[in-house]
J.: 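Please find one structure pasted underneath; my questions will follow.
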Protein chains: 2
Amino acid sequence: MSALDEPAAPPGRYRKGVAKREAILEAALPVFGKVGFHGASLREIARSCGVSHQSLMHYFPTKDELLMAVLRRRDERLRQHFDDEGGMRLAELVALAEYNVDVPAVISLFITASAEATSSDHPAHDYYADHYDRIIASTSAYLAVAEARGWLRDGFTAESAARVVLAVQDGLQLQWLYRRDEVQVAELLRLVIGAVVTVPTEQLDAAVREQVAAAR
Amino acid sequence: MSALDEPAAPPGRYRKGVAKREAILEAALPVFGKVGFHGASLREIARSCGVSHQSLMHYFPTKDELLMAVLRRRDERLRQHFDDEGGMRLAELVALAEYNVDVPAVISLFITASAEATSSDHPAHDYYADHYDRIIASTSAYLAVAEARGWLRDGFTAESAARVVLAVQDGLQLQWLYRRDEVQVAELLRLVIGAVVTVPTEQLDAAVREQVAAAR
DNA sequence: GTCTATAGTTAGATAGAC
DNA sequence: GTCTATCTAACTATAGAC
């Protein structure tokens, strides 16, 4: 199967099945996050939500599909903003970082999966390659307005600024997983944005809105 | 075994044994990097360097110890600078990033292992937690001079600047693994440093040297 | 080479929800 | 009555360790 396709119409047509499918996804998230794709076992995931191993396989025929389903559901929040007019606002990344702090398992999953999936054999490789491309493209589109107006610090382009901000988010979340009390992800993310973009974000937001309106 | 201890006196006392140990370490690096600790198998590593499975286990009694040996050898370059007088210069991080581009397997190993090891059960957890602490401490010591002289951009402390630079390095290396042609790790790292530290690095280096000399 | 444990996956039969 | 959900059982491969 291509990693970019939606899964084939799964079981879960009965009320009970829908709930169980949900429970499996919730249970799989922290396991994949903790030990990664290769380290996770379907039997362990099944056990952790009180479902039989075979029942799990009824809903997710292969381990690959289970992982993809978990990832897709968790990246949903970010993906919603990929097609925002004028590109994805940096504030969305900050807001996500702020939200994620309350859901350590999600951060763990994201960091572990994106690192594992750099290998081209990994079931989520194509998914993540595409995911990163889209984040960069969307954020670059947003920052293009800043670049055009000379609001980026010397040397930065819209794309390099986008890559840096995304890198800081990922890197800080990694550090946060080691020292949760000492790393303020969202706060540092804001500081970096302030160091790269030379005007307040409100001003940039306004300029982007203006640009979008003018383009109609 | 504590992850921070040196391994107990290993085999490899004979000339042939030394070479074989070396070959195993070289072979294990890309495998751990590609599929992670859990995904890697000792048999595969042994096969990839023409050594029998049993022979491998003679040199590295457990999988944990093999991983630790690989990590320790590869982080050596960075660890050398932890105790630099005046703290580790940011230029060392940039130089390392520049060097690593020629050794993708090392980047892959580092990213994958540091992500996997966020789990407290992971054999390299304590090692990496300590490793990050030291990098931050050492780089913060270096940047303390900049902070004292008002050479950091508003809002940054020595530690937050250190965390940001390290985060950018990790995050960009992750992006680089997905798009090797499009991400210039060292170049972007320099840009970020330029955005956070308001004076040229030569000036900061000189100030740090001066500080060290004065402290004697 | 062997041992024991566990992995992902498959098949088939039964019981339950619609 | 039909489709879904669940369970029992087994298979094949491979893991780390001795």
Side-chain angles (χ1 to χ4, degrees), chain A residues 1 3 7-71 112-113 116-117 119 121-125, chain B residues 1 3 7-8 10-11 20-21 24-25 27-28 30-71 112-113 116-117 119 121-124:
Chain A
M1 108 180 171
R13 324 244 306 210
Y14 292 174
R15 211 172 44 254
K16 203 173 175 184
V18 175
K20 212 160 193 177
R21 215 186 117 93
E22 210 69 9
I24 294 170
L25 285 174
E26 286 298 320
L29 194 151
V31 178
F32 279 133
K34 194 170 176 53
V35 292
F37 175 73
H38 294 110
S41 94
L42 299 180
R43 286 173 172 85
E44 183 191 349
I45 293 169
R47 207 179 311 125
S48 80
C49 59
V51 162
S52 78
H53 169 218
Q54 298 78 357
S55 188
L56 187 156
M57 302 228 59
H58 173 67
Y59 292 97
F60 303 95
T62 69
K63 195 183 182 185
D64 290 19
E65 286 182 43
L66 175 57
L67 175 69
M68 290 307 299
V70 173
L71 292 181
T112 307
E116 271 189 319
S119 167
D121 302 347
H122 194 280
H125 177 83
Chain B
M1 112 182 165
K20 215 160 189 177
R21 218 186 115 92
I24 293 170
L25 286 174
V31 178
F32 280 132
K34 194 168 175 58
V35 292
F37 175 73
H38 294 109
S41 92
L42 300 181
R43 284 175 173 84
E44 183 190 350
I45 293 169
R47 205 180 311 125
S48 79
C49 60
V51 162
S52 79
H53 172 217
Q54 301 90 317
S55 184
L56 188 155
M57 300 222 62
H58 173 251
Y59 291 97
F60 303 95
T62 70
K63 195 182 181 183
D64 290 19
E65 288 183 41
L66 175 58
L67 174 70
M68 290 306 300
V70 172
L71 292 181
T112 307
E116 272 190 319
S119 167
D121 301 345
H122 194 280

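Just so we're on the same page: letters track the sequence lines, and every chain starts at 1.
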J.: Would you mind reading off the distance between B/Leu56 atom CG and D/dA17 atom C1', rounded to a whole angstrom?
T.: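 It is 12 Å, rounded to the nearest whole Å.
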J.: B/Asp64 has an atom CG; how far is it from atom P of D/dA15, in whole Å?
T.: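 Checked: the CG to P distance equals 16 Å.
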J.: With the side chain of B/Leu42 defined as its heavy atoms from C-beta on, choose the nearest nucleotide among D/dA17, D/dT6, C/dT9.
T.: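 Shortest atom-to-atom distance from the side chain points to D/dA17.
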J.: Respond yes when some side-chain nitrogen or oxygen of A/His58 is under 4.0 Å from OP1 or OP2 of D/dT6, and no when none is.
T.: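 The answer is no; no side-chain N or O of A/His58 sits under 4.0 Å from OP1 or OP2.
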J.: D/dA17, C/dC18, C/dT10: which one has an atom nearest the side-chain heavy atoms of B/His53?
T.: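 For the B/His53 side chain, the nearest candidate turns out to be D/dA17.
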J.: Looking at A/Glu116, is its backbone amide N or carbonyl O close enough to the side chain of A/Ser119 to form a donor-acceptor pair, meaning the two atoms are under 3.5 Å apart?
T.: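 Judged by distance alone, no pair lies under 3.5 Å.
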J.: Nearest to the side chain of A/Arg43, which nucleotide is it out of C/dC18, D/dA10, D/dA17?
T.: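 Shortest atom-to-atom distance from the side chain points to D/dA10.
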J.: Measure the distance from NE2 on A/His38 to P on D/dT14 and round it to the nearest whole Å.
T.: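 That distance rounds to 14 Å.
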J.: May I ask you to decide if the ring planes of B/Phe32 and B/Phe37 are parallel, tilted or perpendicular, using 30° and 60° as cut-offs?
T.: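 If you compare the ring of B/Phe32 with that of B/Phe37, the planes turn out parallel.
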J.: Does A/His122 reach the side chain of A/Leu67, with side-chain heavy atoms less than 4.5 Å apart?
T.: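 Yes; the side chains approach each other to less than 4.5 Å.
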J.: Below 4.0 angstrom from OP1 or OP2 of C/dC18, is there any side-chain N or O of A/Lys16?
T.: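 Checking C/dC18 against A/Lys16, no side-chain N or O comes under 4.0 Å of OP1 or OP2.
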J.: How close or far is atom P of D/dC11 from atom CE of A/Met57, stated in whole angstroms?
T.: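 It works out to 18 Å between those atoms.
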J.: In whole Å, what is the span from the CZ atom of A/Arg15 to the P atom of C/dG16?
T.: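 Roughly 16 Å, once rounded to whole Å.
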J.: Is B/Lys34 reaching over with its side chain to a backbone N or O of B/Ala40, donor-acceptor style, under 3.5 angstrom?
T.: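 No.
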J.: Measure from the side chain of B/Gln54, starting at C-beta and using heavy atoms only, and say which of C/dG1, D/dG16, D/dT6 lies closest.
T.: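 Of the options given, the side chain of B/Gln54 lies nearest C/dG1.
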J.: Give a yes/no on whether any side-chain N or O of A/Lys63 is located under 4.0 angstrom from OP1 or OP2 of C/dG8.
T.: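 Yes.
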J.: Looking at the side chain of A/Tyr59, which of D/dA17, D/dT6, C/dG8 is the nearest nucleotide?
T.: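 When the side chain of A/Tyr59 is considered, D/dT6 is the closest of D/dA17, D/dT6, C/dG8.
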J.: How far does CE of A/Met57 sit from CD1 of A/Ile24, to the nearest 0.5 angstrom?
T.: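 That separation rounds to 10.5 Å.
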J.: So if I take every side-chain heavy atom of B/Thr62 and compare against C/dG8, D/dA17, D/dT6, which nucleotide ends up nearest?
T.: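 For B/Thr62, the side-chain atoms sit closest to D/dA17.
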J.: What nucleic acid atoms does A/Ala40 come within less than 4.0 Å of, heavy atoms only: base, sugar-phosphate, or nothing?
T.: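 Sugar-phosphate, no base atom in range.
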J.: Rounded to whole angstroms, how far apart are CD1 on A/Ile45 and C1' on C/dG8?
T.: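 Taking CD1 of A/Ile45 and C1' of C/dG8, I get 12 Å after rounding.
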J.: Let me know the distance between CD of A/Glu22 and P of D/dA5, rounded to the nearest Å.
T.: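 Distance, rounded to whole Å: 14 Å.
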J.: Closest to the B/Ser41 side chain: D/dG16, C/dA7, C/dA11?
T.: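 Closest nucleotide among those given: D/dG16.
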J.: Whole angstroms only, please: what is the CD-C1' distance between B/Glu44 and D/dG16?
T.: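 B/Glu44 atom CD is separated from D/dG16 atom C1' by 15 Å.
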